[in-house]
There are 2 protein chains.
Amino acid sequence: MAGLCCNRAMSTNPPSPAKRHYLQADTLIRSTGARLTRPRVEVLAALLAAEQALSHHELEERIDRSVDIDRVTIYRVLDWLTAQGLAHRIAGDDRVRRFNAAGHAHEGAHAHFQCERCGTVLCLDEFSADPVVRLPRGFRPQHYELTVKGLCAGCGPSRRADTRTPAHRH
Amino acid sequence: MAGLCCNRAMSTNPPSPAKRHYLQADTLIRSTGARLTRPRVEVLAALLAAEQALSHHELEERIDRSVDIDRVTIYRVLDWLTAQGLAHRIAGDDRVRRFNAAGHAHEGAHAHFQCERCGTVLCLDEFSADPVVRLPRGFRPQHYELTVKGLCAGCGPSRRADTRTPAHRH
DNA sequence: GCCTAATTGCAACTGAATTGCATTAATGGC
DNA sequence: GCCATTAATGCAATTCAGTTGCAATTAGGC
Ligand SMILES: [Mn+2]
Ligand SMILES: [Mn+2]
Ligand SMILES: [Zn+2]
Ligand SMILES: [Zn+2]
């Protein structure tokens, strides 16, 4: 069977929406020159498909159970993707790291939303103006990150307070 | 002996620079209406005296060894100070939480510097303009935080790379 | 197909922070 | 000043995200 990649059959037909992110992941990983492996493809495809930043746990949930990738491998793949610039990492107030596929330019300045209730993180990308802040002598700024904190749609004040716990993840 | 407070003698003379933060801590803690305890005073005084945000470890180092406050108590005092609005918490990329005395107004917008090498966190406070970012429907912004990431004076490129490790703290 | 270095899996470990519960001590009333 | 009340602390055990060491596997070049 020709067109095999990481044990997944590659069709020459237009990719279904579900498969598009796998093809995109393949391409991005190949572009680094490093090895194309199943865990890398699965993790990156999951990030590409996600509409929000994903934690390690959320990735474990979303990756096809039939694949059964080790937790440590997921951590290592995430580190690798971040080092390659294919993903970026957001440190949450809950001490959990969440990851986004870095499809768009993230140099200089970048913005995220963080829900203070459930921890949801969204990439906003609508932030440009190099902010003017005065740093002490010898300090070198490299990137600027704007974090908007508040309540996400699922945690807003219109919802009954006790129907959602801080442990809730969307 | 009159004028005792938490086992520390209170002088009526102008306070020495070293004692000023203790007096200020006393006042701030009393203003909450809760109990004035030695751990609360020690932790808040250390935060008030610090020129940068302090981690739990850094607080343990700075608190008078003769006092010997339990680690858990420090964690609980920090939570309490934060809940009272007397301190605020910054989540670092290294998954360590650092704390600032919240002397100045922190409502709405706030800025920090984070050294990507050693983790040092500085409160900048020079950030006001409510930034314009578009949020998805139903998302409610509450605070804005600008994080400037880069290298601190101690970690700058002029320093030999191997003289400072990421574990180093200022 | 074979070789080899890169990658993965597994188990043990780390380090920050939290929890449960018994003990201590700050404060208000006497 | 003393006592009672109950908030706060101390201590041990635990949780939880993430890391490390090392042996086993495998992607990709030949
Ligand atoms: Mn982002
Ligand atoms: Mn601050
Ligand atoms: Zn939420
Ligand atoms: Zn530094």
Side-chain angles (χ1 to χ4, degrees), chain A residues 4-8 25-26 29-44 53-61 63 67-84 87 89-99 119 121 165-167 169, chain B residues 1-2 4-8 10 25-26 29-44 53-61 63 67-84 87 89-99 119 121 166-167 169:
Chain A
L4 262 195
C5 162
C6 287
N7 299 331
R8 280 178 302 95
D26 276 14
I29 292 165
R30 282 221 187 80
S31 75
T32 67
R35 291 188 187 172
L36 183 70
T37 66
R38 191 77 197 271
R40 286 177 178 170
V41 176
E42 288 289 336
V43 170
L44 183 51
L54 298 182
S55 67
H56 181 270
H57 273 320
E58 290 163 334
L59 278 164
E60 277 189 310
E61 285 167 9
I63 290 174
V67 185
D68 194 37
I69 302 173
D70 189 79
R71 326 180 308 106
V72 177
T73 301
I74 296 180
Y75 279 119
R76 288 197 272 230
V77 165
L78 287 168
D79 285 348
W80 180 83
L81 289 171
T82 303
Q84 300 302 313
R89 201 174 71 179
I90 305 129
D93 279 344
D94 54 4
R95 295 178 16 100
V96 172
R97 293 168 172 177
R98 291 176 176 79
F99 295 82
V121 171
T165 70
R169 295 284 176 278
Chain B
M1 199 193 293
L4 265 195
C5 162
C6 287
N7 298 331
R8 283 179 298 96
M10 293 210 313
D26 276 13
I29 293 164
R30 281 220 188 81
S31 75
T32 67
R35 291 186 185 174
L36 183 69
T37 67
R38 191 78 196 270
R40 285 176 178 172
V41 176
E42 289 289 335
V43 170
L44 183 51
L54 299 181
S55 67
H56 180 270
H57 273 320
E58 290 164 334
L59 279 164
E60 278 190 309
E61 286 167 9
I63 291 174
V67 185
D68 195 36
I69 303 172
D70 189 79
R71 320 172 27 259
V72 177
T73 301
I74 297 181
Y75 279 117
R76 289 196 271 231
V77 166
L78 287 169
D79 286 348
W80 180 82
L81 289 171
T82 303
Q84 300 303 313
R89 201 175 70 178
I90 305 127
D93 279 344
D94 54 4
R95 298 180 11 104
V96 172
R97 293 169 171 174
R98 292 177 177 78
F99 295 82
V121 171
R169 293 285 176 277

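Model, not experiment: these values are computed from the prediction. Lettering follows sequence order; numbering is per chain, from 1.
Here C/dA16 presents its P atom at 14 Å from CG of B/L78, a figure rounded to the nearest Å. Computed from coordinates, the B/D70 CG to C/dT23 P distance equals 16 Å when rounded to whole Å. Rounded to whole Å, atom C1' of D/dT6 lies 17 Å from atom CG of B/L36. Rounded to whole angstrom, the span from the CD1 atom of B/I69 across to the P atom of C/dT24 amounts to 18 Å. For A/D68 and D/dT25, the CG to C1' distance is 15 Å, given to the nearest whole Å. Here D/dA17 presents its C1' atom at 16 Å from CG of A/L54, a figure rounded to the nearest Å. One atom, CG of B/D94, and another, C1' of C/dA17, lie 14 Å apart when rounded to the nearest Å. The CD atom of A/E58 sits 11 Å away from the P atom of D/dG18 (whole-angstrom rounding).
OP1 or OP2 of D/dA8 has not a single side-chain nitrogen or oxygen of B/T73 nearer than 4.0 Å. Listed pair B/H57 / C/dA16 meets the phosphate criterion, a side-chain N or O lying under 4.0 Å from OP1 or OP2. Within the 4.0 Å cut-off from OP1 or OP2 of D/dA17, not a single side-chain nitrogen or oxygen of A/S55 is found. Distances shown here put a side-chain N or O of A/R97 below 4.0 Å from the OP1 or OP2 atom of D/dT19.
For B/R97 (side chain) and A/D93 (main-chain N/O), a donor-acceptor pair under 3.5 Å exists by modelled atom type. A/R98 places no side-chain N or O within donor-acceptor distance of the main-chain N or O of A/I90, the cut-off being under 3.5 Å. Remark: side-chain polar atoms of A/R40 are paired, donor with acceptor, to backbone N or O of A/R35 under 3.5 angstrom. B/H56 places a side-chain N or O within donor-acceptor distance of the main-chain N or O of B/R71, the cut-off being under 3.5 Å.
Counting atom types as modelled, A/R35 pairs no side-chain N or O with a base atom of D/dG29 as donor and acceptor under 3.5 Å.
Between A/L78 and A/T82, the closest heavy-atom pair is O-OG1, 2.8 Å.
Ranking C/dA11, C/dT19, D/dT9 by closeness to the B/V72 side chain, first place goes to C/dT19. Minimum atom distance to the side chain of A/Y75 is reached by D/dA17, of the listed C/dT18, D/dT9, D/dA17. Comparing atom distances between the A/R76 side chain and each of C/dC21, C/dT18, D/dT20 picks out D/dT20 as nearest.
With DNA chain C read from its 5' end, the first of the two nearest nucleotides for B/A34 and A/I74 is the one closest to A/I74. In terms of position along DNA chain D, the nucleotide closest to B/W80 lies nearer the 5' end than the nucleotide closest to the other residue of the pair A/R95 and B/W80.
Residue B/R71 is in base contact, counting any heavy-atom pair closer than 4.0 Å across all strands shown.
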